[in-house]
Structures are given as C-alpha cells and as structure tokens.
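The next block holds one structure in the form of structure tokens; read it before the comments.
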Amino acid sequence: MSAIELETSAGKRQRTLVTPEGLELRLELASVGQRFSALVIDMLIILGVTIALILILFSAIALTGGHGAEMVGIVAVLGLFFLRNGYFLAYEMSAKAATPGKRMLGLRVAARDGGRLRFSAVFTRNALRELELFLPLQVMISAPFGDVDAWIYLLALIWCGVFVLLPLFNADRLRGGDLVAGTWVLRSPRQKLLRDMADEGALHRPTFQFTADQLNAYGVKELQVLEQVLRTADRGTVRAVADRIAGKIGYVRGDASDLEFLKAYYHAIRERLESGLLMGKRRRDKFDV
C-alpha cells in the first residue's frame with residue numbers, strides 16, 4: 001500500500017491510502033492539539049494510578065512503624081517508568097491501537113505503509129518518547145533540587161523543545177518516534193456497518209453459495225473496505241475488487257454481475273462475523289487467526 005497527500009482544508013490534513021485492490025481510502029491525520037490532549041489525558045490516568053500506589057505503600061510503611069520510607073521514593077520512580085511505558089505499549093498493541101486518551105478523542109496509531117501495526121514499531125515509538133520528552137523533563141524538574149549546571153538545564157530545555165515542536169514542521173504531524181517507527185496517528189471516527197447494506201446483500205445471497213474457507217479469507221477490516229467499495233459503486237473499482245476477491249477465494253461467478261457478487265459476498269461475511277460475535281469471537285482482519 002502507499003499513501004499520498006490528498007488535501008488540506010479547514011485545518012484538516014487528509015491522505016489517500018491505496019489498497020492492493022486499487023481502492024483509494026481517505027484518512028485524516030490527527031492534529032497536534034488532539035495528540036497533545038490525548039497525551040495529557042493518558043498522563044493524568046498514569047499519575048492517578050501512581051499516586052494510588054504510593055498511598056498504598058505509605059500505608060504499608062505506617063503499619064510497619066515508619067521503616068522503608070526511602071524505598072517508597074525508589075519504587076515510585078521505577079514504578080512510574082515501567083507504568084507509563086507498559087501503559088502505552090499495552091494499549092497501542094491492542095485491537096483498537098489506542099490508549100484511553102486517544103480513544104476519547106477518536107484517534108489511533110497506524111502503520112504508515114498500511115500494513116499491520118507491529119510490536120517493534122509500537123515499542124520503538126514509545127521508547128523514543130523517553131528520550132524526546134520524559135528524560136529532559138526529569139532533568140529540568142530535578143535541576144532546582146540538585147547540582148545540575150545551568151548549561152545542562154538549557155540543553156535539556158532546547159532538546160525537549162525541538163522534539164515537542166517537531167510535529168509542527170512536517171506535513172504528516174509526526175513526532176520523532178513516529179518518524180523512526182514508521183507510524184502515524186489518525187482520526188478514527190466510529191463507523192457502523194449499516195443495516196440497509198446488509199439487507200440489500202441478502203437479496204442476492206440465495207444465488208451464491210460460499211464455503212467456510214471462502215468466508216474466512218477476510219475479517220472486519222476488509223469488510224469495512226468492501227462496504228466502502230459498494231457505497232462508492234465506482235464501476236472500475238467494483239470490477240477490480242470483484243475479480244481480486246473471486247480469484248483469492250477461488251469462486252466461479254458465472255454470469256453474475258460484479259456488483260451482485262460483491263453484495264452477496266458482503267452479506268455472507270457480515271452474517272458469519274455477527275454469528276461469531278455471539279459466540280465471543282472477533283476476527284479483526286485476514287491476518288487474525
């Protein structure tokens with residue numbers, strides 16, 4: 001897959017992601033303000049959990065006669081480090097590819113090449129956040145209480161400022177971690193598979209019979225792409241997608257039109273996915289086995 005700039009309007013930057021079927025999907029990049037707001041929400045959550053853990057530790061110390069107060073500080077620093085890194089890593093590797101802060105603002109992390117979001121990419125973008133933001137912030141916060149020289153404080157301030165402002169100076173609003181990891185943050189408004197499309201496909205279903213293997217070739221993500229193809233109804237795109245799907249699943253269409261075939265296949269996949277949800281199963285995409 002490849003991504004190219006499509007347009008910039010009303011403060012929104014959009015890109016076109018070209019799928020292997022030749023379908024152009026419009027993606028909206030998250031703004032710097034949205035990303036910053038999501039980070040603030042996530043940090044408040046992490047801070048709240050950290051304070052709760054510290055209070056629990058102090059309560060335990062009080063019960064033991066006040067011993068081990070120094071350990072609380074060490075545990076707090078280490079706990080905050082592992083908590084914030086584990087927090088971002090776990091949530092961004094989940095099916096939604098987003099932390100609670102990103103979910104609240106309708107954002108998600110995605111691979112810039114259109115492929116699956118891999119662990120190595122998520123680990124890299126979050127590990128670099130330590131160097132971009134948290135490490136220089138710790139230096140600046142600790143400066144008034146330690147022997148940190150003024151020039152070290154100034155370098156930390158410049159370092160932090162460069163990386164914080166970096167998204168303002170590139171077209172895709174990428175921070176350093178995104179540039180290295182090959183990721184970006186997109187607006188991801190909730191989309192539902194509308195019932196009228198499923199009902200329309202049901203009319204064509206009796207004419208077509210699909211095996212379980214043919215229906216298991218695709219998941220929810222591909223179903224959403226197929227729905228967009230059907231709603232757009234571009235003749236060339238419909239033909240290309242129909243030929244690709246029929247070839248992939250080994251289905252002989254006979255005299256059926258491309259549109260009828262796609263509508264029937266859409267309805268069959270949706271019916272299978274919905275029945276799977278009733279059994280507690282969810283197949284995110286064709287790679288989810």
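Because the structure is a prediction, the values reported are computed rather than measured.
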Between [atom1] on residue [X] and [atom2] on residue [Y], distance to nearest 0.5 Å:
X    : Y    : atom1 : atom2 : value
I46  : I41  : CD1   : CD1   : 12.0 Å
L47  : I51  : CG    : CD1   : 4.0 Å
L262 : T237 : CG    : OG1   : 10.5 Å
N85  : E130 : CG    : CD    : 4.5 Å
R118 : D113 : CZ    : CG    : 8.5 Å

Given side chains that start at C-beta, do those of [X] and [Y] come closer than 4.5 Å, heavy atoms only?
X    : Y    : result
P100 : Y87  : yes
L179 : L166 : yes
V229 : Y266 : no
L230 : L259 : yes
W184 : L27  : yes

Whether E92 and K102 form a salt bridge (side-chain N of Lys/Arg under 4.0 Å from carboxylate O of Asp/Glu) is what I want to check.
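E92 and K102: salt-bridged.
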Does the side-chain contact (heavy atoms from CB on, under 4.5 Å) test come out yes or no for V185 and L174, once each step is laid out?
CA-CA 8 Å; V185 180; L174 305 177; over 6 Å; no
Holding to side chain to side chain donor-acceptor pair (under 3.5 Å), I want the full list of residues that pass it with [X], two or more places apart in sequence or in another chain.
X    : value
R35  : D178
R129 : N126
T99  : D42
D243 : R253

Minimum-distance pair of heavy atoms, taken over all atoms of [X] and [Y]:
X    : Y    : answer
A110 : L117 : C-CD1, 4.1 Å
A217 : I249 : CB-CG2, 3.9 Å
T183 : A121 : CG2-CB, 4.0 Å

Which residues satisfy the side-chain contact (heavy atoms from CB on, under 4.5 Å) test with T211, sequence neighbours excluded?
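side-chain contact (heavy atoms from CB on, under 4.5 Å) list for T211, sorted by chain: D213, Q214.
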[X], [Y]: one ILVMFWY side-chain cluster at the under-4.5 Å cut-off?
X    : Y    : answer
V32  : F169 : yes
M104 : F36  : no
V49  : L44  : no
M93  : Y91  : no
V122 : L83  : no

For Y251, give me all partners under ring pair (Phe, Tyr, Trp, His ring centres under 6.0 Å), at least two apart in sequence or on another chain.
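Scan of Y251 (ring pair (Phe, Tyr, Trp, His ring centres under 6.0 Å), adjacent residues dropped) gives F210, F261.
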Mark yes or no for whether [X], through its side chain, and [Y], through its backbone, hold a donor-acceptor pair below 3.5 Å.
X    : Y    : value
R103 : A98  : yes
E271 : A268 : no
R187 : L107 : no
R125 : S120 : no

Would you sort out whether F88 and L39 count as a side-chain contact (heavy atoms from CB on, under 4.5 Å), showing the intermediate values?
CA-CA 10 Å; F88 287 103; L39 178 62; 3.9 Å; yes
